[in-house]
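Lettering of chains follows the sequences in order, A, B, ..., and the numbering in each one begins at 1. As a basis for the values below, the full set of heavy atoms in this structure was taken, side chains included, without hydrogen atoms, waters or symmetry mates.
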Amino acid sequence: MAEDGTPAGTAYAVADLVGEIAARERADAPRWVWASTARLYPRLLEAGVRVARCHDLELVENLLLGHAGRYGEPRSVRAASARLRGEPVPPDPPPAQEASAQPSLFGDDGDRASPADDLGRIVEVHAAQQRAAAGLDGFALLAAAESAGALVAAEMGFDGLPWSTAEHDALLTELLGPRPSGGLRPRRLQDLADRINAAFGPRTHVNPDSPAQILKAFAAAGLPIPSTRAHVLKGVDHPAVPLLLEYKELARLHTAHGWAWLDTWVSGGRFRPEYVVGGVVSGRWATNGGGALQIPRVLRRAVVADPGWCLVVADAAQLEPRVLAALASDRAFTDAAAHGDLYEALSDAFRSDESTGGLPARAKAKLALLSAMYGGGTGEAVQLLGVLKSRFPDAFEYVEAAARAGERGRLVRSLLGRTCPPPSAGWRELTLAGDDDRDAPEAPPGGGRRSATAAQALRGRGRFTRNFVVQATAADWALALLASLRRRLTALGPPRLVFFQHDEVIVHAPAELADAVTEAVRASAEEARSLLFGATPVVFPMEIAVVDRYADAK
DNA sequence: TCTTCACGCGCC
DNA sequence: AAAGGGCGCGTGAAGA
C-alpha cells in the first residue's frame with residue numbers, strides 16, 4: 001500500500017505487482033506501507049527494484065508495544081489488528097514458517113485471507129500506529145528511522161561487503177598453515193597443541209579446546225585457577241601459558257572465521273550477512289549467521305574495494321559519551337563535547353588528581369566516563385567517578401537517575417522513545433520491586449535485609465537501564481545517520497552502503513566519488529545531530545578514511 | 001542421539 | 001564496600 005497518492009485502502013488489481021511498484025516508485029516515490037521489509041523487500045531487490053521510503057508495520061508495532069511496556073507481544077499485522085478490535089491475538093508465526101511460506105507481498109499471511117482482508121488490516125493498523133506515534137514525542141522520527149534502517153539492512157544483505165577470498169586465504173595460511181583436509185587441525189594449531197601437552201608432562205593429556213581439561217591440568221600441576229580466561233592465564237607462571245594463549249587466539253580465528261566461514265558466507269566476492277533490525281533491545285542491530293558484527297580486526301585486510309572503486313570508512317568518534325553530554329545538557333560537559341577530542345577536553349578535571357596512580361589524565365577521563373555509562377567502577381574508577389560527579393553533576397545524575405529507575409522496576413527510554421523491556425516476574429519477586437513508588441530500594445518493606453542475590457539482581461537491572469539510555473540514544477542517532485546517508489547516496493547514484501556496525505559505516509563507491517561520499521557522511525552526521533538534539537553545542541565528528549582495504553582505515 | 005547450557009572470545 | 005553494558009558464535013560437556 002502506498003501512503004500517499006492512491007487513496008488509502010483502495011484496492012486495485014495488477015498483473016505484475018513488482019512492475020507496478022517500480023512504476024509507482026518512479027512516478028511519485030510514495031512511502032510504501034507494508035508488513036515486513038525483511039520478508040518483502042529482498043524480492044523487490046532481486047527484481048532490481050529499490051524504494052525510497054517505507055513504513056514497516058511490524059517494526060513499528062514492536063516499538064509501540066515496547067513503549068507501552070508490552071515488550072515481546074505478537075507484532076504481526078494480524079495480531080495488531082486483533083488487538084485493535086478486541087479479538088483474540090494470534091501468536092506470531094515462527095521464523096522457520098515465515099521462511100517457507102510464500103507471503104503475499106504486503107500482508108503478513110496470504111494463504112488464508114483474501115488480499116482485500118490483508119489490505120484492510122494494513123490500513124487499519126497503519127492508521128492506529130500513526131495516531132499512537134503522533135502522541136509520543138520523537139516517535140514518528142523513530143518509526144521512520146527504524147523503517148529506513150530496514151531498507152538499508154535488506155540492501156546491504158543483498159549487495160554484500162566486498163570480500164577478497166584470496167586475501168582471506170592468504171592470511172589464514174600465514175597464521176595457521178595450509179588449509180587442512182578433513183576435520184584435522186591446521187598444522188600450526190596441531191603444533192601448539194602438541195607443545196602444550198609436552199609442557200604439562202608425559203602423563204597428562206589435554207585437549208586445549210576444553211576449558212575443563214585445562215583447569216584439571218593446571219590443578220594437577222599445583223596451580224589451581226578459577227577459569228581459563230586469557231587474563232587469568234596471563235597471571236600464571238607455567239610454560240604452557242604462552243602456548244595456550246597463542247593457541248586460543250589462533251583457534252578462535254580458525255573456528256569462527258576460518259576456511260569453513262569463507263566457504264559458507266562469501267560468494268561472488270561478497271560477504272552477505274543477514275542484518276536483523278531491532279534485533280537488540282537497545283536498537284542496535286543484530287545479525288543472523290556470519291557474525292558480521294564481530295569481524296576480527298585482523299580480517300579487515302580481506303575487505304577490499306573493487307578495481308576503480310574505494311571504501312569510505314567512517315566512524316563516529318566517542319559517540320556514547322557525546323550522546324550522554326547532549327542528553328544531559330550538562331553545561332561543563334557539553335562545552336567539552338563541543339569540539340575535538342572529548343576525553344582530552346575532560347582531562348583537566350582529572351589531571352590534578354595525583355592519588356590514582358600513573359594513568360594519564362585522558363585515560364582517567366575515559367575510564368570515568370565508561371564506568372558511569374556501564375555501571376562499572378572498581379578500584380581506581382570509584383575515585384574517578386567521584387571526580388565526574390563533582391565536575392559534571394548533570395551528566396552524572398542523568399545516568400544515576402536511569403539506574404535508580406531500573407532498580408525500582410521502572411522503564412527507561414531512548415531520546416526518541418525506544419523503551420527497555422520490563423523486568424521479569426522473577427526479578428520483581430526477588431527484589432520486592434512491585435511497588436514502583438517506594439523510594440528506598442536498599443530498605444525493603446518487611447524489615448529484613450535483602451538477600452545478596454536480590455541485591456545483585458537490583459544492581460544488574462540498574463546497570464542495564466543506566467547503559468540503556470545512552471546506548472539506545474546512540475542507536476537512535478546512528479539510525480538517523482543511516483537514513484540520511486542512504487538518501488544522499490541514492491542521489492549520487494552508484495555508491496552503496498555495505499557495512500554498518502553500531503557507530504561505523506562503510507560505503508563502497510567509485511573512486512572519483514570519494515569526496516562526494518565523504519561530504520555526504522559529514523552532512524548526514526550533522527543532520528542526525530540536529531534531528532535528535534536540535535541546537536545542542538555537542539558535535540558528533542566522523543573519522544573518515546578513503547581506502548582500498550578496510551585494514552588501512554585506522 | 002539430540003538439545004541445552006556454560007564458557008570464552010570476537011566486535012561495539 | 002563493591003559494583004562491568006549489549007550482542008553472536010563454536011566448542012565441549014551435561015542433561016533429556
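- Between A:F271 and A:W261, the ring-plane angle classifies as tilted under the 30° and 60° cut-offs.
- Spacing between atom CZ of A:R297 and atom P of B:dG10 amounts to 12 Å, rounded to whole angstrom units.
- The distance between atom OH of A:Y247 and atom C1' of B:dG8, rounded to the nearest whole Å, is 13 Å.
- Of all nucleotides listed (C:dG6, C:dG8, B:dC12), C:dG8 comes nearest to the side chain of A:T287.
- Using atom C1' as the reference point in both C:dG4 and B:dC9, the two lie 16 Å apart (nearest Å).
- Checking C:dG6, C:dG12, C:dG8 against every side-chain atom of A:Q471, the shortest atom distance belongs to C:dG6.
- If you take CG of A:N207 and P of B:dC7, they are 18 Å apart, rounded to a whole angstrom.
- Listed pair A:K248 / B:dC9 meets the phosphate criterion, a side-chain N or O lying under 4.0 Å from OP1 or OP2.
- The nearest whole Å value for the distance from the CG atom in A:N467 to the P atom in B:dC12 is 16 Å.
- Nucleic acid contact for A:L319: none, since no nucleic acid atom lies under 4.0 Å from a heavy atom of the residue.
- Here A:Y374 does not pack flat against the base of C:dG4, since the 5.5 angstrom centre distance and 30 degree tilt limits are not both met.
- In this structure, A:E320 atom CD and B:dC12 atom P are separated by 12 Å, rounded to whole Å.
- Side-chain proximity of A:S210 to C:dA13, B:dC9, B:dC12: nearest is C:dA13.
- Using a 4.0 Å heavy-atom cutoff across all strands shown, A:A230 reaches sugar-phosphate atoms only and no base atom.
- In this structure, the nucleotide among C:dG5, B:dG8, B:dC11 sitting nearest to the side chain of A:R463 is C:dG5.
- Residue-level contact check: A:R229 touches the backbone only, with heavy atoms under 4.0 Å from sugar-phosphate atoms and none from bases.
- Residue-environment remark: CD (A:E249) stays at or below the threshold of 12 foreign heavy atoms within 6.0 Å.
- Side-chain proximity of A:D209 to the nucleotides B:dG8, C:dG12, B:dC12 is greatest for C:dG12.
- Looking at heavy-atom distances under 4.0 Å, A:T255 makes contact with sugar-phosphate atoms alone, never a base.
- Taking the six-membered ring where the residue is Trp, A:F218 and A:F200 present perpendicular rings, their angle passing 60° and hence far from 30°.
- Distance, A:L250 CG to B:dG8 P: 19 Å, rounded to whole Å.
- Judged as a salt bridge (Lys or Arg N to Asp or Glu O under 4.0 Å), and not counting sequence neighbours, the contacts of A:E527 are A:R487, A:R488.
- A donor-acceptor contact under 3.5 Å is formed by the side chain of A:R284 with the base of B:dC12.
- The environment of A:K248 atom NZ is dense: over 12 non-hydrogen atoms of other residues, nucleotides or ligands sit within 6.0 angstrom.
- A:R459 has no carboxylate O lying under 4.0 Å from a charged side-chain N of A:E407, or vice versa, which leaves the two without a salt bridge.
- Among the heavy atoms of the strands, none lies under 4.0 Å from A:R461.
- For A:I295 and C:dC9, the CD1 to C1' distance is 14 Å, given to the nearest whole Å.
- In this structure, A:H254 places its NE2 atom 12 Å from P of C:dG10, rounding to the nearest Å.
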